[in-house]
Trainee: 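The structure follows.
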Amino acid sequence: MTNDLLDKIISLCKRRGFIFPGSEIYGGLANSYDYGPLGVELKNNIKQLWWRKFVQSRDDMVGIDTALIMNPKVWEASGHLENFRDALVECKKCHTRFRAEESEKCPNCGNKELTVPKQFNLMFKTFIGPAEETANIAYFRPETAQGMFANFKNILDTTRKTIPFGIAQIGKAFRNEITPGNFIFRLREFEMMEIEYFVKEENWEKYFEYWRKQMIDWIKELGGDTKKIHEVEIPDGERAHYSKRTIDFEYEFPFGQEELYGLAYRTDFDLKNHEKFSGQNLKYKDPETGEEFWPHIIEPTWGVDRSALVVLLESYFEDKERVILKLPFKLAPYKAAVFPLLANKLDLVKLAKKIYDDLRKDFMVAFDDRGNIGKRYYSQDEIGTPFCITVDFDSLEKGDVTIRNRDTMKQERVKIENLKEILEKRFKE
Ligand code: GAP
């Protein structure tokens, strides 16, 4: 893979409405991106697939959606105010700033004379209320995890869950990254999907291993090539302040092997500290023995934007004539597109519109009557629509249509009344 591929994807995303540069009409804002009409569908499909797999289809999991701005004491208790930092260095020649761990020479001019590393807290500050005073400082959350710990007691009181069980959340996180970059790989504002899984201390290794396998499973569901995934054990001294064991799932991106997802053993660090700082009892009471203790936590965490990037990278193909996004059916923004063979034949348009309206009740479907059929096919291939359905003169007589497969370009004649069933079957595969 080369950066050439990334450039092609960036261009496709802009051209077809997946992802736009943020604030573009004002010249942009460094590494901020907006998801367009197709991008938001792709991203929602990823999140829905995850929610269905890890929350709705399991008995041991509940979901939550917590505030982006929390009481600042949360970040004292979590250790983020003290520890959530990167070391920043500046090139003495061209004054480019970058993370010390990134390189020992300036990534801009190659100069090796750098300033002494300076610690830089990554949390975004804001003020609550009109007075911009220290007492009113608050922070945009840098991870969704703390909202789950802060609600641990509420969840126990309202759901009667017994350990092992997990809380899941999908939401935005904010980090004042020193050097964002590589399209949607490193953003200052991004989405994450996280699980905090509460277990007895003696079982942490078993559940760490369990979630490791679940994370690999998820990558397969995304259509990711597991040969490009490398599990990297993060050594002592390099892990986040709360973690006793961390594995990064790194992926061979076009710009190098970088973190895609992470799995951490957070011990009882968070619940213990929140109990200390809040004065509330955050222990779990074993219903059988009556014993009270802080459960230990296994935390698998997934970036949504990095997931979308991997999906796009893995799906992009070119042949002589066309660009194809071979998106997994579940993730494709449109599941099918319906075309009347000719836009000026009212009978064809009417029947095509009817099929379109029927299928739309169950799937995201596109309608296109512009240009010639060949161009319409290629246009749908480029945005990953798995099936194109064409209504022609025979359709009026025989009640059947042509259905064309995106990947094989094979066309079949099928009855209009079977279309929904065919799409549903493909959807389940
Ligand atoms: N609660 C644990 C936690 O926040 P993390 O490894 O710092 O762990 C989780 O972040 C995931 O969020 C990462 O594995 C990555 O997929 C994604 N992520 C982290 N920083 C990001 C950034 N600046 N831009 C886009 N995604 C990011």
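All ligand and atom numbering here is 1-based and tracks the order in the structure.
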Trainee: Measuring only between side-chain heavy atoms, which start at C-beta, is Arg406 closer than 4.5 Å to Gln380?
Mentor: no

Trainee: Of all residues at least two apart in sequence or in a different chain, which pass the side-chain contact (heavy atoms from CB on, under 4.5 Å) check with Ile10?
Mentor: Leu6, Asp7, Phe183

Trainee: State which residues pass side-chain contact (heavy atoms from CB on, under 4.5 Å) with Thr289; sequence neighbours excluded, sorted by chain then number.
Mentor: Asp286, Glu291

Trainee: Going by the rule side-chain contact (heavy atoms from CB on, under 4.5 Å), which residues pair with Val323 if we only count those two or more places apart in sequence or in a different chain?
Mentor: Tyr316, Glu318, Glu382

Trainee: Who's touching ligand 1 if we go heavy atoms under 4.0 Å?
Mentor: Glu143, Arg175, Glu177, Phe185, Arg186, Leu187, Phe190, Met192, Glu194, Tyr242, Glu259, Leu260, Tyr261, Gly262, Arg266, Glu299, Thr301, Gly303, Arg306

Trainee: Is a side-chain donor or acceptor of Gln169 paired with a backbone partner of Thr144 at a separation under 3.5 angstrom?
Mentor: yes

Trainee: Counting heavy atoms not belonging to Phe140, are there more than 12 under 6.0 Å from its CZ?
Mentor: no

